[in-house]
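Below, chains carry the letters A, B, ... as their sequence lines are ordered, and counting in each starts from 1.
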There are 2 protein chains.
Amino acid sequence: MNEHVHPSADLTKNQSLVMGALTKSDGPLSAYTILDQLREHGFRAPLQVYRALDKLVEFGMVHRLESLNAFVACRHPDCDDHETIAFMICETCGLVSEISDNALANRLKLLAGETRFALKKTTIELRGICRNCQTA
Amino acid sequence: MNEHVHPSADLTKNQSLVMGALTKSDGPLSAYTILDQLREHGFRAPLQVYRALDKLVEFGMVHRLESLNAFVACRHPDCDDHETIAFMICETCGLVSEISDNALANRLKLLAGETRFALKKTTIELRGICRNCQTA
DNA sequence: CGCAATCTTGTAATGAGATAACGTCACATC
DNA sequence: GATGTGACGTTATCTCATTACAAGATTGCG
């Protein structure tokens, strides 16, 4: 069995709305942007968004980008390892792409192991300019 | 010449005070914590801290921890590459250690290069429990 | 010297991100 | 039908960060 099933069917109403907003969006959204988009659906307070986001992140359907204080729908092809994903963030167009690289993950695990560090979560975010935005 | 000279001599008064607070501290400090510590030295507004921090980060003397919204004095042994440093952050004791690993840095550069992504800055933060805190 | 350009500083106000504390409601289980 | 659990709604508050504007300080040059 896959541990990272995306339980889209089991989402509550609020979770579905938040997930929908993120899926529709091209790039990452802040919690407050999501809130504004969902006001017409009855959302009134940040906590409604944050609670949904917490669950979606827990389910592995959404990632939090620490360097942006924003959230993106998970789009990486294989769902093997939600704990060691790298993000490339274009500072020009805002595009975010996910990278799942075993060599990278293993190297980090090795480094942690060397000092007996019990690794729980990794944040890897690359900021720069994507190919498209350079030629433009 | 080393491009990452730490120009401690050239720091302004505010920059020195902020740097001092970070150097004295065992772990990372938030901007507002620094502000509180420096009130007796005449600090009154967050901006005074943020301005100093911006410069110190620019000089490579201070690192920003994105996943903590906090700052640490640079303590990593070699100053070769301020752009690709990994941090291990203990969630129990707050200890932060810096890792400068070439294999890791090269792998990231390779991954970025594959998609012609012009890498500007990398954020690598490992959260977990350090060796000491596990045995305790 | 006198003046302009630039950099650093101080202050107030505000914007943006996140959570605490409270109460309520729906639903499952025994 | 009592009880536990999880999602929900609301208000207030907290933390983090920036904008905008004014005042000094410093450098460089005619």
Just to verify, what does B/Ser97 make a side chain to side chain contact (heavy atoms under 4.5 Å, CB included) with, not counting sequence neighbours?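 Expected list: B/Met88.
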Does anything in residues 53-73 of chain A form a salt bridge (charged side-chain N to carboxylate O under 4.0 Å, His left out)? List the pairs, not counting sequence neighbours. A/Lys55-A/Glu58, A/Arg64-A/Glu66, A/Glu66-A/Lys121
Can you list every pair that meets salt bridge (charged side-chain N to carboxylate O under 4.0 Å, His left out) and has a residue in residues 124-136 of chain A, with sequence neighbours left out?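 Output for this query lists A/Glu91-A/Arg127.
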Are any side-chain N or O atoms of B/Arg75 and backbone N or O atoms of B/Thr23, one a donor and one an acceptor, separated by less than 3.5 Å? yes
Mark yes or no for whether A/Arg51, through its side chain, and A/Gln48, through its backbone, hold a donor-acceptor pair below 3.5 Å.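 No, the answer is negative, given that no donor and acceptor are paired below the 3.5 Å cut-off.
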Minimum heavy-atom distance between A/Val72 and A/Gly27, given as atom pair plus value: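 In this case the closest contact between A/Val72 and A/Gly27 is CG1-C, 4.2 Å.
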On a heavy-atom basis, the closest approach of B/Ile124 and A/Leu108 is CG2-CD2, 4.2 Å
Does A/Lys55 put a side-chain nitrogen or oxygen below 4.0 Å from OP1 or OP2 of D/dA7?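 Yes.
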Side-chain atoms of residues 31-40 of chain B: list all donor-acceptor pairs with protein atoms under 3.5 Å, sequence neighbours left out, distances to 0.1 Å.
{"unit_1": "B/Thr33", "atom_1": "OG1", "unit_2": "B/Ser30", "atom_2": "OG", "d": "2.8"}
{"unit_1": "B/Asp36", "atom_1": "OD1", "unit_2": "B/Arg39", "atom_2": "NE", "d": "3.2"}

How does protein reach along nucleotides 11-28 of chain D, written 5' to 3' as B (base within reach of a heavy atom under 4.0 Å), S (only sugar-phosphate), or - (no contact)? B----BBBBB--------
Extract, from 5' to 3' on DNA chain C, the first and final nucleotides lying under 4.0 angstrom from some heavy atom of chain A.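 Boundary nucleotides touching chain A, in 5' to 3' order, are C/dG17 to C/dA21.
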